[in-house]
Colleague: 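Just dropping this structure here.
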Amino acid sequence: MMTRFPRGLLCPVNGSAFIFLAVILSLCSCSAVGGGEGENPINEDIVLVKDCCRGAELKIGEYMFAAWSERGIYTTLPLRLVTLDEDLNARRDTILIHEGNWHYVHPNRSGDRLLLVKSNFFGVSVGALYEYNVPLGTLRLLRDSTVNVSSAVYWPGDEDRLVYYSYGQMQGTTPLGEGAGYYVLDLTTGADSLLVGHLSSGGLREMVNGFDLSPDGRTLLYPNVRAPRTGFLPPQAVAYDLETGNLDTLAVSFDQSWVRIGLWLRYSPNGRQILYCSYPTGATGHITNDDSQVGLIDRATLARRILDVNTTPGGRSVQLAPTWSPSGRHIAYGSSKLFEHEGAKGRYSLYILKDVR
């Protein structure tokens, strides 16, 4: 069976005409949250924070990635900071960087420093790694685009270190496996070293590598995307003990879906739960053939519980990178409507699922 990839998934960023067309098409496909007569209502604990397609503050862009800090919620594309009031409503929506293909964002806890990936391609996070100083509004290049960084997180308790994932050497848009893996980078010296080598068979089709570090800094948790050309298998979550070097594939089964190959993982602030999102190929484009599944994994028992994050009354929605609030009480995420006709979907709006237990 041939895999159907979303149009524009690996379109170079200089294809401005295509990107403009894709944005216009997706703008037209957005609809307001709310159901018509006879439609199933969405979960009453879901709060619409920012609508991608309505409001006076709308700029060209959307709320695809979400990363919550004490300053507020950072989102892309473009890079924004959404501050909240006590009722979780948007107080202010500020664009921090107008230009650039910024896909991935990860803040430190206070939110005054961000790790950003400026992608080489439209619709996938792979490229140069930067650190952004929010109060100063300055960018610092950490690794250039030849390193092919997909994602990065600050080391818990030591923000002068971070871990990043690199696809390693590439030929065009094909990762070759050489140098692929998770690296620790010392921000003071600029030196890095390999923690563990890894290249998923999905390659850039996973669109972003959704790894995380446990709050105690002991465990690297990363997705094993199993998408060989012969067919897709459900992804796996792998725990790598940084003290012993032991690898453990968690005994957690994710639902079978021939296009839902991506896996995003985030520890809760207390480390007791893992927030996951199993998302389909095409989640970063405007064509996909499945919705996403978001849920929680109990770290002690490995029991899995699916969360109702669907934002489309009577239909299905696509999520990519949900994030915990600093308190661990709520979850923020970007979500877009999935249209049943030919897998088309709209742009991402920003939502919060309240009081996750």
Colleague: Say you draw a straight line from CH2 of Trp264 to CZ of Phe65; how long is it, rounded to the nearest 0.5 Å?
Modeller: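 CZ of Phe65 is found 6.0 Å from CH2 of Trp264.
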
Colleague: Could you list the residues that satisfy side chain to side chain donor-acceptor pair (under 3.5 Å) with Tyr276, not counting sequence neighbours?
Modeller: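 Scan of Tyr276 (side chain to side chain donor-acceptor pair (under 3.5 Å), adjacent residues dropped) gives Gln293, Arg304.
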
Colleague: Once rounded to the nearest 0.5 Å, what's the spacing between atom NZ of Lys337 and atom OG1 of Thr311?
Modeller: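 That separation rounds to 9.5 Å.
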
Colleague: Would you say Trp102 and Leu162 are hydrophobically clustered, going by side-chain heavy atoms of ILVMFWY under 4.5 Å?
Modeller: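 Yes, it is one cluster - the side chains of Trp102 and Leu162 are joined through contacts under 4.5 Å.
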
Colleague: Between Tyr74 (side chain) and Gly111 (backbone), is there a donor-acceptor pair under 3.5 Å?
Modeller: yes

Colleague: Would Arg143 and Leu185 count as a side-chain contact (heavy atoms from CB on, under 4.5 Å) here? Give the steps.
Modeller: CA-CA 10 Å; Arg143 289 294 180 266; Leu185 171 61; 3.1 Å; yes

Colleague: Looking at CG of Leu88 and NE2 of His330, how far apart are the two atoms once the value is rounded to the nearest 0.5 Å?
Modeller: 4.5 Å

Colleague: Ring-plane angle category for Tyr165 and Tyr167, please: parallel below 30°, perpendicular beyond 60°, tilted otherwise.
Modeller: perpendicular

Colleague: Could you list the residues that satisfy salt bridge (charged side-chain N to carboxylate O under 4.0 Å, His left out) with Arg71, not counting sequence neighbours?
Modeller: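 If we apply the salt bridge (charged side-chain N to carboxylate O under 4.0 Å, His left out) test to Arg71, skipping adjacent residues, there are no hits.
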
Colleague: Salt bridge (charged side-chain N to carboxylate O under 4.0 Å, His left out) with Glu178: which residues, sequence neighbours excluded?
Modeller: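 Partners of Glu178 under the salt bridge (charged side-chain N to carboxylate O under 4.0 Å, His left out) test: none.
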
Colleague: If the test is side-chain contact (heavy atoms from CB on, under 4.5 Å), which one of Ile274, Leu213, Ile297 qualifies with Leu221?
Modeller: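 The option that passes is Ile274.
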
Colleague: Applying side chain to side chain donor-acceptor pair (under 3.5 Å), can you list everything that pairs with Ser268, at least two apart in sequence or on another chain?
Modeller: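 Ser268: side chain to side chain donor-acceptor pair (under 3.5 Å) contacts with Asn270.
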
Colleague: Which residues pass the side chain to side chain donor-acceptor pair (under 3.5 Å) test with Tyr182, sequence neighbours left out?
Modeller: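 Tyr182 satisfies side chain to side chain donor-acceptor pair (under 3.5 Å) with Asn209 once adjacent residues are dropped.
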
Colleague: Before giving the answer on side-chain contact (heavy atoms from CB on, under 4.5 Å), spell out for Leu84 and Ile352 the whole-Å C-alpha distance, their side-chain angles and the decisive distance to 0.1 Å.
Modeller: CA-CA 11 Å; Leu84 307 172; Ile352 289 175; 3.9 Å; yes

Colleague: State whether the side chain of Ser292 and the backbone N or O of Tyr279 hold a donor-acceptor pair below 3.5 Å, judged by distance alone.
Modeller: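 Flag not set: sc Ser292 to bb Tyr279 has no pair under 3.5 Å.
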
Colleague: Residues two or more places apart in sequence or in another chain: which of them pass salt bridge (charged side-chain N to carboxylate O under 4.0 Å, His left out) with Arg316?
Modeller: Asp290, Asp291, Glu340

Colleague: Flag yes if Leu114 and Val149 sit in one hydrophobic cluster, no otherwise; membership is Ile, Leu, Val, Met, Phe, Trp, Tyr, and two members link when side-chain heavy atoms are under 4.5 Å apart.
Modeller: yes

Colleague: With sequence neighbours excluded, give me every salt bridge (Lys or Arg N to Asp or Glu O under 4.0 Å) pair touching residues 321-330.
Modeller: Arg329-Asp355

Colleague: Kindly compute the distance separating OG (Ser200) from CD (Glu206), expressed to the nearest 0.5 Å.
Modeller: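 Reported to 0.5 Å precision, the distance equals 4.0 Å.
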
Colleague: Could you walk me through whether Leu187 and Leu142 pass side-chain contact (heavy atoms from CB on, under 4.5 Å), step by step?
Modeller: CA-CA 8 Å; Leu187 292 176; Leu142 302 178; 3.8 Å; yes

Colleague: With sequence neighbours left out, what residues match Tyr154 under side chain to side chain donor-acceptor pair (under 3.5 Å)?
Modeller: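 Expected list: Glu131.
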
Colleague: Which distance, rounded to the nearest 0.5 Å, do you find between the OG of Ser151 and the OH of Tyr164?
Modeller: 11.5 Å

Colleague: Among pairs that include at least one residue of residues 243-253, which meet salt bridge (Lys or Arg N to Asp or Glu O under 4.0 Å), considering only residues two or more places apart or in two chains?
Modeller: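 Salt bridge (Lys or Arg N to Asp or Glu O under 4.0 Å) check on residues 243-253 returns Arg218-Glu243.
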
Colleague: Donor-acceptor check, side chain of Ser119 to backbone of Asn101, threshold 3.5 angstrom: yes or no?
Modeller: no

Colleague: What is the distance from atom SG of Cys52 to atom CE of Met64, rounded to the nearest 0.5 Å?
Modeller: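 Going from the SG atom of Cys52 to the CE atom of Met64 covers 10.5 Å.
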
Colleague: Measure from NZ or CZ of Arg80 to the centre of the six-membered ring of Tyr63 and say whether it is under 6.0 Å with the direction within 45° of the ring axis.
Modeller: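 Yes.
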
Colleague: What residues, two or more places apart in sequence or in another chain, satisfy salt bridge (charged side-chain N to carboxylate O under 4.0 Å, His left out) together with Arg272?
Modeller: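 With sequence neighbours excluded, Arg272 shows a salt bridge (charged side-chain N to carboxylate O under 4.0 Å, His left out) to no residue whatsoever.
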
Colleague: Give me the other members of the hydrophobic cluster that Leu136 sits in, counting Ile, Leu, Val, Met, Phe, Trp and Tyr linked by side-chain heavy atoms under 4.5 Å, directly or via other members.
Modeller: none

Colleague: Cluster partners of Leu176, using ILVMFWY side-chain heavy atoms under 4.5 angstrom, listed by chain and number?
Modeller: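 None; Leu176 is a cluster of one.
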
Colleague: Under the criterion side-chain hydrogen bond (donor to acceptor under 3.5 Å, both in side chains), I'd like the reasoning laid out for Ser166 against Asn148: C-alpha separation, chi angles, the key distance, then a yes or no.
Modeller: CA-CA 5 Å; Ser166 168; Asn148 295 309; 5.8 Å; no

Colleague: When Ser317 is tested against each of Val294, Ile42, Asn310 for side-chain contact (heavy atoms from CB on, under 4.5 Å), which residue passes?
Modeller: Asn310

Colleague: Give a yes-or-no answer on whether the side chains of Ser110 and Glu70 include a donor-acceptor pair shorter than 3.5 Å.
Modeller: no

Colleague: May I have the step-by-step check of side-chain contact (heavy atoms from CB on, under 4.5 Å) for Leu48 and Ser349, ending in yes or no?
Modeller: CA-CA 8 Å; Leu48 172 60; Ser349 296; 4.1 Å; yes

